[in-house]
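Only one structure is covered here, and it is reproduced in the block below.
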Amino acid sequence: MRKQTDYEICKADDSHVRKIVELFKKTYKNGYCTSLFECELELKEFLKDENFIGLVAVMPDQTIIGFSGLYFEKCDYAKNASGIMQAIEDRKCGLKTHSISNIQHVYLANFVVDEDYRGLGVGKAIETEKDKICNSLPGQTVIYSFVVEDSAQSVKLKLDYGYDIWGTRVFYHTLDNGGKGHILIMGKVVGFDKKEMYMEPVSDVTAVLVNNSSKQIVRRIQKNNENQPFKGKVVYDAEPNKNRVYCNVKYDPNGDSIETIIQNIKNKKGAYAAIYIEAQDIGIHNADKILIQNNFFPVVILPHFADGKDIIEYQYIDDTLANMIPDCLINKNEIVNYLKNKQ
């Protein structure tokens with residue numbers, strides 16, 4: 001077995017593409033990985049994206065034994081990840097010629113380590129490099145990571161680096177045996193110790209998720225006597241090949257009612273169906289109640305996702321799936337009890 005020091009972490013480029021694709025095909029036999037990592041041509045184009053940084057663990061013989069990426073949604077300096085990397089390198093040399101700020105969202109995606117090289121600290125080495133990049137950014141940075149639920153090592157690694165579990169997309173993808181797999185949404189916020197967020201009263205099902213999803217954010221439930229109905233402007237989206245439908249909803253007094261939004265999503269008939277709503281919106285108290293009555297349950301809360309507000313993901317869970325909800329879902333007990341009492 002090779003020693004840990006036999007590999008190095010470096011930025012991915014075109015010369016790594018073929019072996020990255022081979023690594024993903026070898027690792028993700030259940031089809032979870034996106035088509036992007038199944039096609040060399042598509043991956044080459046993606047590596048050119050100015051907002052993406054790919055990191056690879058490379059052996060001396062150029063074998064790729066690990067990969068992960070960072071996607072930057074917003075940045076002031078140079079508007080791209082290349083500018084960020086250059087600014088970080090300049091700072092290491094004591095230069096301050098570049099100013100980078102307002103990095104609002106960083107997505108850590110497609111983390112994989114070759115099964116033949118696990119236990120050598122490859123994942124930790126890649127995670128350390130990503131952490132250095134994120135911690136080098138001034139201002140507030142929200143970091144999101146999507147982890148396969150049955151990858152205990154990946155989950156533990158993230159927890160060791162200060163990440164919280166913000167929720168779980170249940171029954172999100174199909175496994176080799178025909179069963180359903182789940183995706184943990186993990187993350188942390190860099191740039192402040194704690195922050196308070198205020199929102200209208202919500203159900204116990206939602207409150208458990210809201211109050212237990214982050215050590216860095218304290219969410220205050222405010223009393224609301226106005227009891228306003230929720231209306232929102234909706235953007236619908238879908239992944240037909242994966243049988244997923246979802247929509248993003250932003251409060252708009254002239255928008256659709258929550259009942260209309262629910263019916264529209266149901267009409268699209270996706271195995272995974274979800275409605276994403278800003279947690280601090282007016283009328284969330286009523287929207288939360290109606291969504292749960294229609295079997296759309298809160299499964300994830302994303303801090304600072306839209307205009308500095310939180311996003312709650314409500315996912316449709318059929319009554320028949322109550323006994324299949326995974327333990328990793330923060331508010332599993334509340335959802336299961338609700339479904340059982342409803343029958």
Side-chain angles (χ1 to χ4, degrees), residues 2 4 6-73 75 78-86 88-89 105-130 132-134 143-148 150-151 153-154 157-158 169 172-176 181 183 237-244 272:
R2 296 175 188 258
Q4 179 177 338
D6 282 341
Y7 64 81
E8 64 174 346
I9 309 300
C10 59
K11 187 178 176 182
D13 59 34
D14 282 0
S15 69
H16 301 126
V17 166
R18 179 176 61 82
K19 292 182 180 179
I20 292 173
V21 170
E22 289 174 356
L23 175 60
F24 273 88
K25 286 183 176 180
K26 175 182 178 181
T27 304
Y28 288 112
K29 302 178 182 69
N30 63 13
Y32 164 64
C33 90
T34 64
S35 59
L36 176 68
F37 291 90
E38 297 172 336
C39 173
E40 291 183 32
L41 187 60
E42 287 187 34
L43 183 54
K44 276 187 177 181
E45 287 301 310
F46 189 63
L47 289 178
K48 294 177 184 176
D49 190 320
E50 294 183 329
N51 291 303
F52 182 79
I53 297 171
L55 298 174
V56 287
V58 188
M59 297 295 286
D61 63 1
Q62 297 306 298
T63 299
I64 304 294
I65 61 172
F67 175 88
S68 188
L70 302 89
Y71 191 86
F72 298 83
E73 186 176 78
C75 59
K79 303 297 181 187
N80 59 51
S82 298
I84 292 168
M85 291 295 284
Q86 184 59 55
I88 292 170
E89 289 303 313
H105 303 116
V106 179
Y107 300 87
L108 307 184
N110 305 102
F111 197 171
V112 61
V113 174
D114 190 319
E115 58 192 20
D116 297 329
Y117 291 86
R118 291 174 187 172
L120 300 179
V122 178
K124 187 174 182 179
I126 295 175
E127 193 67 41
T128 297
E129 193 62 31
K130 290 190 295 186
K132 285 180 183 176
I133 293 172
C134 293
I143 309 167
Y144 306 91
S145 184
F146 304 85
V147 182
V148 180
D150 59 1
S151 180
Q153 274 189 311
S154 295
L157 186 62
K158 286 289 188 297
R169 288 175 180 161
Y172 191 69
H173 60 105
T174 304
L175 303 174
D176 284 340
I183 302 296
D237 205 345
E239 297 174 77
N241 60 324
K242 295 180 180 177
N243 205 13
R244 298 174 189 155
Y272 166 83

(message) Asp237: which residues meet the side-chain contact (heavy atoms from CB on, under 4.5 Å) condition with it, sequence neighbours left out?
(response)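 side-chain contact (heavy atoms from CB on, under 4.5 Å) list for Asp237, sorted by chain: Tyr246.
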(message) Determine whether a donor-acceptor pair (N or O, by modelled atom type, separation under 3.5 Å) exists between the side chain of Arg244 and the backbone of Tyr172.
(response) yes
For the [atom1] atom of [X] and the [atom2] atom of [Y], what is their distance to the nearest 0.5 Å?
X: His105; Y: Asn51; atom1: NE2; atom2: CG; result: 13.5 Å
X: Tyr272; Y: Lys242; atom1: OH; atom2: NZ; result: 12.5 Å
X: Leu108; Y: Leu55; atom1: CG; atom2: CG; result: 9.5 Å
X: Ile133; Y: Phe72; atom1: CD1; atom2: CZ; result: 6.0 Å
X: Asp114; Y: Leu23; atom1: CG; atom2: CG; result: 5.5 Å

Compare every heavy atom of [Y] with every heavy atom of [X], then report the nearest pair and how far apart it is.
X: Ile20; Y: Ala12; result: CD1-CB, 4.2 Å
X: His16; Y: Lys11; result: CE1-O, 3.6 Å
X: Val122; Y: Ala57; result: CG1-CB, 3.7 Å

(request) Take Asp6 and Met59, measure what side-chain contact (heavy atoms from CB on, under 4.5 Å) needs, and give me the verdict at the end. (result) CA-CA 6 Å; Asp6 282 341; Met59 297 295 286; 3.9 Å; yes
(request) Using the test side-chain hydrogen bond (donor to acceptor under 3.5 Å, both in side chains), find all partners of Gln153 that sit at least two apart in sequence or belong to another chain. (result) none
(request) Evaluate the criterion side-chain contact (heavy atoms from CB on, under 4.5 Å) for residue pair Val56 and Cys10; output intermediate values, then yes/no. (result) CA-CA 6 Å; Val56 287; Cys10 59; 3.7 Å; yes
(message) Check this for me: does any side-chain nitrogen of one of Glu22 and Arg18 sit under 4.0 Å from a carboxylate oxygen of the other?
(response)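 Counted as a salt bridge, because a side-chain N and a carboxylate O are separated by less than 4.0 Å.
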(request) Give a yes or no on whether a salt bridge exists between Lys48 and Glu45, defined as a side-chain N under 4.0 angstrom from a carboxylate O. (result)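 Here Lys48 pairs with Glu45 in a salt bridge, since their nearest N and O are under 4.0 Å apart.
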(message) Does Phe52 form a side-chain contact (heavy atoms from CB on, under 4.5 Å) with Leu47? I'd like the steps, not just the answer.
(response) CA-CA 7 Å; Phe52 182 79; Leu47 289 178; 3.8 Å; yes
(message) So, using ring-ring contact (aromatic ring centres under 6.0 Å, His included) as the criterion, who are the partners of Tyr107 when residues are at least two apart?
(response) Tyr144
Show me the donor-acceptor pairs within less than 3.5 Å that the side chains of residues 62-71 make with the rest of the protein, sequence neighbours left out.
| residue | atom | partner | partner atom | Å |
| --- | --- | --- | --- | --- |
| Thr63 | OG1 | Asp61 | OD1 | 2.8 |
| Thr63 | OG1 | Asp61 | OD2 | 3.2 |
| Ser68 | OG | Lys130 | NZ | 2.8 |

(message) Can you list everything that forms a salt bridge (charged side-chain N to carboxylate O under 4.0 Å, His left out) with Lys19? Sequence neighbours excluded, please.
(response) none
(message) Quick one, Phe111 with Glu127, criterion side-chain contact (heavy atoms from CB on, under 4.5 Å). Give me CA distance, side-chain angles, the key distance, then yes/no.
(response) CA-CA 9 Å; Phe111 197 171; Glu127 193 67 41; 3.1 Å; yes
